[in-house]
Protein chains: 2
Amino acid sequence: MTGWLAIAGLGPGSDALVTPEVTAALSEATDVVGYIPYVRRVAPRPGLTLHETDNREELARARHALEMAAEGRRVVVVSSGDPGVFAMASAVFEALEAGPPEWRALDVRVLPGVTAMLAAAARAGAPLGHDFCAINLSDNLKPWEVIERRLRLSVEADFAIALYNPRSASRPEGFARALDLLRAICEPGRILIFARAVSTPDEALRVVPLAEATPEMADMRTVVLIGSSATRIIPRDGAPFVYTPRGVPA
Amino acid sequence: MTGWLAIAGLGPGSDALVTPEVTAALSEATDVVGYIPYVRRVAPRPGLTLHETDNREELARARHALEMAAEGRRVVVVSSGDPGVFAMASAVFEALEAGPPEWRALDVRVLPGVTAMLAAAARAGAPLGHDFCAINLSDNLKPWEVIERRLRLSVEADFAIALYNPRSASRPEGFARALDLLRAICEPGRILIFARAVSTPDEALRVVPLAEATPEMADMRTVVLIGSSATRIIPRDGAPFVYTPRGVPA
C-alpha cells in the first residue's frame with residue numbers, strides 16, 4: 001500500500017462549505033488526525049481510525065501523521081478553515097523538515113478550504129473587497145511587539161485587517177491590547193465586524209464602530225474584521241451590508 | 001416568485017474546489033451573470049439564462065444582476081476564487097448603495113470560495129502559514145503610489161504577500177515596477193512563487209529567489225506569492241516544499 005498525507009481544510013463549519021476534493025480525500029483515508037472538534041466533524045466508518053488530539057500538540061500531531069503516511073497509511077490531517085492559514089499545514093512542514101530525510105519523498109498534499117475570514121466577510125457583505133491582511137493574535141510563539149508593529153503598519157497601509165484567534169487560551173489579553181492600540185491610531189467610527197462561528201448553528205454577527213467595541217465581543221470562535229478607512233455601511237432593515245469599495249481616489 | 005441574488009465564488013478552476021453551497025445556488029438559479037470565462041464554467045440547462053459580459057463592465061453587470069433579482073429572478077453572479085477578494089462582491093454592493101432604495105430589501109447573499117492565493121499556497125506548501133497580506137496590482141481605480149506604499153509597509157511588517165492580477169490589462173507594467181521595488185528593499189534570496197492557473201489543466205508552479213524573478217514569469221492567470229523573511233524551502237526530488245513557520249523568534 002502506498003501511503004499519503006493530505007492536509008485538509010474543512011471550512012468554517014457547515015458541510016456545505018467543504019470542497020468535494022476534501023470530501024473525496026476523507027472517503028479514501030485510513031486515518032484522520034486533528035484537534036478534537038475538527039476530527040468530530042468527520043463521520044466514523046469501518047476502516048477509518050480517528051485520532052483526536054489536544055490543541056497544544058501541533059508538532060507531535062504532525063509527526064504522528066507523517067509517521068503513519070511513511071508506514072503506508074492514507075492520512076488526512078484536518079484543520080478548520082484553510083489548512084495553510086494559521087492551521088496545521090505549517091506545523092506539518094516544520095515536522096517534515098526536522099524529520100528523517102525519507103519523509104521528503106512522501107506524497108504530501110495540501111487541500112485548500114474556505115478560511116474563516118472569507119466566510120465572515122461573506123456574511124457581512126464585502127469588507128475585504130480591497131487590499132487586506134490577516135494577523136494571528138494567538139500565537140504564543142510570537143512576541144507581542146511583533147503583533148503591535150504589524151497592526152500599526154497595517155493601519156498605516158490602510159489595509160482591512162482580519163484578526164484570527166482574538167481571545168485564544170495562549171494569549172487571552174491580546175485582543176484588549178489590540179483594541180487599545182487601534183483606538184489610539186484609528187478614527188472612532190472605524191468599522192469592526194465580530195463574526196462568531198459563521199455557518200454553524202451558533203453563528204452570530206455584530207457590526208460596531210471602534211468606539212463601541214469591547215474585548216468581550218470576541219471569544220475563541222470569533223474572527224474580527226477591521227475595516228479600512230474606506231469601508232462603508234449600507235443601512236437597511238436587519239443587519240447592514242458592510243463593504244470596502246474597489247478603488248482608492250487619486 | 002421571490003427573487004434573490006447570490007454572489008458566488010467558483011474557486012480557482014477545478015470543479016473539485018467548488019463548494020456544495022455554490023453548486024446548490026447554481027442549480028436553483030434562473031440567471032447567471034459574469035465575466036465570460038467564469039460563466040462558461042456553468043453547465044447550460046433548460047430554464048437557465050447565461051449572461052456573459054466583458055471584464056471592464058463590473059458595475060453595469062452588478063446593476064443588471066440587481067435589476068433581475070428585483071424583478072423576481074434567482075440570480076447568481078459568478079466570480080472565480082472568492083467573490084469578496086478582488087472580485088464581484090464589492091461591485092455589487094457599490095451598485096446596490098447607489099441604486100434605488102428598494103434594492104436594500106433584496107435577499108442578497110455572498111457565497112464564499114477558495115480564493116486564488118489559498119489554492120496557490122496549498123500547491124507550494126504553506127507559504128502563508130504566518131501573518132500575510134493580499135494586494136491587487138490590477139486596479140486601475142488605485143494610484144500606483146498607493147500600491148508602492150502598501151508594498152513597502154508590508155515588507156516592513158514582514159508579511160508574506162499575495163499579489164493578485166500582477167499583469168492585468170489595466171496595468172501590465174505594474175508587476176515589473178513591483179519587482180524593482182522589492183529588489184530595493186528585500187534580500188536577493190527572498191522566495192517568490194509564481195502560481196499559474198492552479199487546479200486547471202494549465203497549472204504551472206515556479207519557485208525562484210527574488211534575484212532571478214522576471215516580469216515575464218507572471219501573466220494574467222498568475223498569482224505571485226512573496227515569502228516573508230522567515231519563509232523556508234525544503235529541497236526534495238521534484239518541486240520543493242515552501243512554508244512559513246508559525247512562530248517569530250523573540
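Proteins come first, then strands; the chains are lettered A, B, ... in the order of their sequence lines, and each starts at number 1.
Figure legend: A:Arg236 and A:Phe241 shown as a cation-pi pair, the cationic atom lying under 6.0 angstrom from the six-membered ring centre and within 45 degrees of its axis.
Per-residue heavy-atom pair counts under 4.5 Å with chain B were compared for A:Gly84, A:Ala24, A:Gly11, and the maximum is reached by A:Gly84. When B:Pro101, B:Ala91, B:Ala119, B:Gly238 are compared by the number of non-hydrogen pairs under 4.5 Å with chain A, B:Ala91 comes out ahead. Note on A:Ile161, A:Val108, A:Thr19, A:Asp131: by heavy-atom pairs under 4.5 Å with chain B, the leading option is A:Asp131. Counting heavy-atom pairs closer than 4.5 Å to chain B, the top residue among A:Leu96, A:Ile7, A:Leu111 is A:Leu96. Taking B:Pro83, B:Cys133, B:Ser14 one by one and counting their heavy-atom pairs under 4.5 Å with chain A, the maximum is reached by B:Cys133. Taking chain A as the reference chain and counting heavy-atom pairs below 4.5 Å, the highest number among B:Gly129, B:Ala157, B:Ala126, B:Ala16 is found for B:Ala16.
Residue A:Asp237 does not touch chain B at all, counting heavy-atom pairs closer than 4.5 Å. Contacts of A:Ala121 with chain B are absent, with no heavy-atom separation under 4.5 Å from either backbone or side chain. Neither the backbone nor the side chain of B:Thr23 comes within contact range of chain A; no heavy atoms are under 4.5 Å apart. Contact of B:Val18 with chain A is made through the backbone alone, with heavy-atom distances under 4.5 Å. Looking at B:Phe86, both its backbone and its side chain come within 4.5 Å of chain A, counting heavy atoms on both sides. The parts of B:Phe93 that come within reach of chain A are both its backbone and its side chain, each placing non-hydrogen atoms under 4.5 angstrom from that chain. With a 4.5 angstrom heavy-atom cutoff, A:Ser199 does not touch chain B via any of its atoms. Contacts of B:Leu163 with chain A are absent, with no heavy-atom separation under 4.5 Å from either backbone or side chain. For B:Asp158, the parts sitting under 4.5 Å from any heavy atom of chain A are the backbone and the side chain alike. With a threshold of 4.5 angstrom between heavy atoms, B:Met117 approaches chain A through side-chain atoms but not through N, CA, C or O. If you measure heavy-atom distances from B:Arg232 to chain A, the contacts under 4.5 Å come from the side chain alone. Interface residue A:Pro235: backbone and side-chain heavy atoms are both found under 4.5 Å from chain B.
No salt bridge links A:Glu156 with A:Arg152; every basic N to acidic carboxylate O contact stays at or beyond 4.0 Å. Using a 4.0 Å cut-off between a side-chain N of Lys or Arg and a carboxylate O of Asp or Glu, A:Arg149 and A:Glu145 do not qualify as a salt bridge. Residues B:Arg196 and B:Glu203 are not paired through a salt bridge, judged by the lack of any N-O separation under 4.0 Å between the basic side chain and the carboxylate.
The side-chain heavy atoms of A:Glu94 and A:Glu58, taken from C-beta on, include no pair separated by under 4.5 Å. The side-chain heavy atoms of A:Arg104 and B:Ile234, taken from C-beta on, include a pair separated by under 4.5 Å. Side-chain atoms of A:Val78 and A:Val22, non-hydrogen and from C-beta on, never get closer than 4.5 Å to each other. Within the 4.5 Å cutoff, the side chain of B:Val114 has no heavy atoms near those of the B:Asp82 side chain.
One side chain, B:Thr231 or B:Thr244, offers a donor N or O that lies under 3.5 Å from an acceptor on the other. A side-chain donor from one of A:Thr53 and A:Arg61 sits under 3.5 Å from a side-chain acceptor of the other. There is no side-chain donor-acceptor pair under 3.5 Å between A:Ser80 and A:Tyr35.
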